[in-house]
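This report concerns only the one structure given below.
One-based numbering, in listed order, for ligands and for the atoms of each.
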Amino acid sequence: MGIRSNVKTLTQVTHMQNFITLSQIDSAAQTIKNQIQIQPLVGIILGSGLNDLADSVQNAVRISYSDLPNFPVSTVHGHAGRFVIGMLEDKPVLVMQGRIHYYEGYTMGQVTLPVRVMQRLGISNMIVTNAAGGVHPDFEPGDVMLITDQLNLMGMSGLNPLMGPNLDEIGTRFPDMSQPYDRAYCDLARKVARDNGLTLREGIYAGLSGPSFESPADLRFLRNAGADAVGMSTVPEVIIARHGNMRVLGLSGISNKANLDGSTVTTHEEVIEAGKVITPKVEKIIRGVLRGLE
Ligand code: HPA
């Protein structure tokens, strides 16, 4: 009996350690604050193959994730692993050049820690980008998709990043998700695309854990469930962002056509390669959106 209850306590303790605390978030935020002179207005997360965008930031202060307390480091090729803080279109921004993915073995708390840090730095807007497979039959590699909604498949299978003690200082226990992607920002992005002569696809992003790409049956399931694009990120970050009431704009770069009939092969190299076509389009939209923000 004694041994059994001890085991239970130990399990509980280990379990609780998986959750990031406010003081851990604040110590990373403070380390950043100490090195910057500006108050960032927008947090920008760059997806696979889109990291070059961070090189356009002016008067940049660069802080490696490895220099921040409690911070996970990105282990994926195509993800630099640092914050770049500076000016883009005369707006103060904090760019994540490289993101953390759940499939790297980190906890959901670690994956979303950068968004928590943004919140504690007083950032209330987020632009999130990713590389995704095009599930909608009309989508082609090189397309950019405005994310209008998301399918939280990771959360549906028990991996919601809000599980564990609620951070009451940031948001409510049961946050609303009726508008994960801000409608006014969607309108702004549509306008920017029109003004720049860019075709902007629109649709629903399904977030899976990866790292294996989807089987043809997975993809047919996703299509039937209403997904237009599929990827291995974004959804947890957006849930955390909305928990803290940030306004979110989401853009997917379609790097490959999802293989619904099993006739083609998907590779990470393809994803990185497509990023070269997608980056200038995403950059135009982000720059235009930043110009349009009050
Ligand atoms: N599936 C999942 N994630 C992805 C894909 C894909 O086809 N392409 C880029 N990221």
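Using a 30° and 60° split on the angle between ring planes, F83 and Y65 fall in the perpendicular class, above 60°.
Among all protein heavy atoms, the one lying closest to atom 1 (N) of ligand 1 is E214 OE1, 2.8 Å. Shortest contact from atom 3 (N) of ligand 1 to any protein heavy atom: G231 CA, 3.4 Å. Looking at atom 5 (C) of ligand 1, its nearest protein heavy atom turns out to be G133 N, 3.3 Å.
Salt bridge status for D187 with K191: absent, with no side-chain N to carboxylate O gap under 4.0 Å.
Within the 3.5 Å criterion, the main-chain N or O of L198 finds no donor-acceptor partner in the side chain of R194. Counting only distance, with no hydrogens or angles, the side chain of Q39 and the backbone of L121 share a donor-acceptor pair below 3.5 Å.
More than 12 heavy atoms of other residues, nucleotides or ligands sit less than 6.0 Å from atom CG of D138.
No part of A258 comes within 4.0 Å of ligand 1, judged by heavy-atom distances.
For ligand 1, the atoms closer than 4.0 angstrom to any heavy atom of A131 are 9 (C), 10 (N). Close approach of ligand 1 to M232 (heavy-atom distance below 4.0 Å) involves ligand atoms 2 (C), 3 (N).
Considering backbone and side-chain atoms together, N256 places an N or O closer than 3.5 Å to an N or O of ligand 1.
Between Y181 and Y205, the gap from one ring centroid to the other reaches at least 6.0 Å.
Remark: distances from the non-hydrogen atoms of S255 to ligand 1 include one below 4.0 Å.
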